[in-house]
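All ligand and atom numbering here is 1-based and tracks the order in the structure. Computation of the quantities below employed the complete heavy-atom set of this structure, encompassing side-chain atoms and omitting hydrogens, waters and symmetry-equivalent molecules.
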Amino acid sequence: MTTAPHETELLSRIPNRLFIGGEWVAGEGEKTLDVFDPATGQRLVSIADASPADGLRALDAAVAAAEEWAATPPRVRGEILRRTFDLLQERRDEAALLMTLEMGKPLAEAQGEVTYGGEFLRWFSEEAVRITGRYGDNPEGTGQMVVSQRPVGPCFLITPWNFPLAMATRKIGPALAAGCTVVVKPAALTPLTTLFLTGLFEEAGLPKGVLNVVTTSASAKLSDPIIADPRLRKLSFTGSTPVGKALMKQAADNVLRTSMELGGNAPFVVFDDADLDKAVDGAMAAKFRNIGQACTAANRFIVHSAVAKAFADKLAERVRAMRIGRGTDEGVTIGPLIDDKAVAKTGELVDDAVERGATLVVGGHALEGAGSFFEPTVVTGVPFGSDILREEIFGPVVSIVEFDDEAEAVRLANDTEYGLVSYVFTESLARGQRMIKALDTGMMGLNVGVLSNAAAPFGGVKQSGLGREGGAEGIHEYLSTKYTLIPNS
Ligand code: NAD
């Protein structure tokens, strides 16, 4: 399969350079990197490949623009975000197609991400004018205490490949609303959506230097000098836990503010008093959205033994009806994985579980031929100790274990170093309330399989990260608190 003419036309209009100080530039040595379609393995386009010197030039631009942007009225900052939101709505079909092309998710899901990702621009356009402080007498009655908020300063934002739009807007939105200037480094696998978004910001009238974007095949080499530069004040990263830990160590040298949105290993707990149809709907969404490549993807299905077989059977029936293919094709419900490495890793996890005694109910194999496809899969009776229960699968595999009582369900659910999200299915309100308290995660879906919302604080505990994105909390990641004392005389 080749790229269709309307796809080629869209790709030809995507900026293929670095965006530094308000200019699209080729970068040092005019090096390029290729971007591929994971459904065909074919090259889509070549774009600029930034060097470490280009990265530092982007930081120079962000530093140069910082004072003026911080002094720009919040209403003006908010209106630029709002205009970018409006432009994105006008061009939503292009944004969705671009995401499907470079990342592989089915078009309907890409449209969903335009909605979700766009909401961060709208939400933070509204939050820009609600940055407030406190004022009051000190307890001694000798003066007034003033607490105010200031932008933290120039930020470095590193995003992953799995949600090319939303992971960018979830950081750029609050940073710009707070009055911070930024350097953004998207993932080399899916940089085109960020370049497209940058074009919208430019069209919306964002002043030069406020947003700088560097695409590179050498993430660490480009990032190291930026993080080591004392002018940088904040690092916000979304990606895997091992990379996040390494970056936190680097950030420690300059005591940088950090936000870390890291990996997950979400438990999906189904009690014997659950509505099984609801649980199956939730499972389909929590597992197969984004081809299983979401930090919030249900990773371990922990199901009461009385309903385990019925749950697995109903789920397997839905999985058998899924249509695998290129996300642009009519009726496709599950696309490719991001690359062949991801396919191999998914296969190894399934094989390990089966070798240890798990039962393969449906799927379990990579597809032959072009593209990085892995069948949607269900395995039951997964033995404890299997890699699939410990590692983030990041693929379309449901792995089911059984439990017999609530205490065991809680123990199994919390038996991980991750703590991003959990899903619980029960028709008992009291049990649901107990689970809210008992599960050690930053977020929880009660009888629902997708819960992300720009108006809610997204983030994890334990090794799933630090900080929150979205909600009223999101903007505080980019603000620092200043206390001033004004004596009465
Ligand atoms: P990754 O850690 O490999 O890469 C993330 C980003 O960091 C990319 O831009 C990459 O180029 C860059 N990077 C990698 N090594 C680097 C280094 N040494 N220095 C600087 N930058 C570096 O992760 P990924 O494969 O792109 O994304 C998948 C991971 O992201 C999963 O673990 C997933 O759970 C996690 N994720 C978390 C959230 C969340 O909000 N918690 C959201 C989406 C994805």
Side-chain angles (χ1 to χ4, degrees), residues 33 35 38 49-50 52 55 102-103 105 113 116-117 120 156-171 183-191 193-194 213-228 232 235-251 256 258-266 289-299 337-339 341-342 345-346 391-395 416-421 441-443 451-454 456-471 473-474 477:
L33 71 89
V35 183
D49 190 357
E102 66 174 342
M103 187 272 161
K105 68 185 77 189
E113 184 172 347
Y116 172 57
F120 289 99
F156 186 30
L157 315 178
I158 303 180
T159 57
W161 52 263
N162 61 343
F163 290 98
L165 179 72
M167 297 303 97
T169 55
R170 209 163 78 171
K171 295 187 191 303
V183 175
V184 183
K185 193 207 79 57
L189 291 166
T190 61
T193 307
T194 304
V213 178
V214 280
T215 50
T216 184
S217 60
S219 297
K221 279 201 185 119
L222 177 128
S223 302
D224 293 355
I226 297 179
I227 297 169
L232 185 75
L235 169 65
S236 178
F237 170 79
T238 298
S240 60
T241 294
V243 173
K245 285 183 190 176
L247 293 176
M248 283 176 79
K249 287 181 188 157
Q250 286 177 254
L256 283 185
T258 57
S259 300
M260 293 281 149
E261 296 286 349
L262 308 179
N265 181 355
R289 192 173 66 110
N290 227 38
I291 316 125
Q293 303 166 117
C295 52
T296 50
N299 213 58
L337 291 179
I338 190 66
D339 57 19
K341 260 194 338 221
K345 186 194 156 195
T346 308
E391 292 183 26
E392 196 178 21
I393 305 170
F394 243 56
T416 168
E417 70 268 25
Y418 294 104
L420 189 60
V421 62
T441 56
M443 301 177 284
L451 50 93
S452 300
N453 192 308
F458 186 106
V461 298
K462 295 158 78 179
Q463 293 193 26
S464 286
L466 294 172
R468 293 294 180 268
E469 291 189 326
E473 291 81 354
E477 300 287 316

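Of the protein's heavy atoms, N162 ND2, 3.4 Å lies nearest to atom 44 (C) of ligand 1. Ranking the protein heavy atoms by distance from atom 18 (N) of ligand 1 puts A220 CB, 3.5 Å first. Regarding atom 23 (O) of ligand 1, its nearest protein heavy-atom neighbour is S240 N, 3.4 Å. The shortest contact between atom 27 (O) of ligand 1 and any protein heavy atom is with P160 CB, 3.5 Å. Given atom 42 (C) of ligand 1, the protein heavy atom at minimum distance is C295 SG, 3.0 Å. Counting only heavy atoms of the protein, atom 7 (O) of ligand 1 lies nearest to F237 CE1, 3.2 Å. With respect to atom 13 (N) of ligand 1, the closest heavy atom belonging to the protein is S219 CB, 3.7 Å. Here the heavy atom of the protein found nearest to atom 35 (C) of ligand 1 is G239 O, 3.2 Å.
Looking at E392 next to ligand 1, an N or O pair under 3.5 Å apart turns up. Residue L262 has at least one nitrogen or oxygen atom sitting less than 3.5 Å from a nitrogen or oxygen atom of ligand 1, judged on distance alone. By the 3.5 Å distance cut-off applied to N or O atoms, D224 is not counted among the residues near ligand 1. Residue-to-ligand polar distances place W161 within reach of ligand 1: an N/O pair is separated by less than 3.5 Å.
When heavy-atom distances to ligand 1 are checked against a 4.0 Å cut-off, F394 comes that close only through its side chain, counted from C-beta outward. Counting heavy atoms under 4.0 Å from ligand 1, residue L420 touches it through the side chain alone. In S223, the part holding a heavy atom less than 4.0 Å from any atom of ligand 1 is the side chain.
Rounded to the nearest 0.5 Å, atoms CD (E261) and CG (L420) are 7.0 Å apart. I226 contributes atom CD1, which lies 4.0 Å from atom CZ of F156 (distance to the nearest 0.5 angstrom).
Ligand 1 places these atoms under 4.0 Å from at least one heavy atom of F458: 39 (C), 40 (O).
At distances below 3.5 Å, not a single donor-acceptor pair connects side-chain atoms of E469 with backbone N or O atoms of G459. Between the side chain of N299 and the main chain of I393, a donor-acceptor pair closer than 3.5 Å is present. Not a single donor-acceptor pair under 3.5 Å links the side chain of S223 to the backbone N or O of A220. Under a 3.5 Å cut-off, the side chain of S464 and the backbone N or O of G263 do form a donor-acceptor pair. Within the 3.5 Å criterion, the main-chain N or O of S236 finds no donor-acceptor partner in the side chain of S259.
Taking all heavy atoms of T238, V243, T215 into account, the minimum distance to atom 5 (C) of ligand 1 is reached by T238. Here the shortest heavy-atom distance to atom 9 (O) of ligand 1, taken over L247, T159, N290, belongs to T159. If you check each of M167, R170, E469, K185 against atom 40 (O) of ligand 1, the one with the closest non-hydrogen atom is R170.
Residues T159 and K171 bring no donor and acceptor atom of their side chains to less than 3.5 Å of each other. The closest side-chain donor-acceptor pair between Q463 and T241, if any, does not fall under 3.5 angstrom.
With sequence neighbours excluded, the residues that form a side chain to side chain donor-acceptor pair (under 3.5 Å) with K105 are E113, N290. Residues meeting the side chain to side chain donor-acceptor pair (under 3.5 Å) test with E102, sequence neighbours left out: T193.
A 4.5 Å side-chain heavy-atom check between L235 and M260 finds at least one atom pair inside the cut-off.
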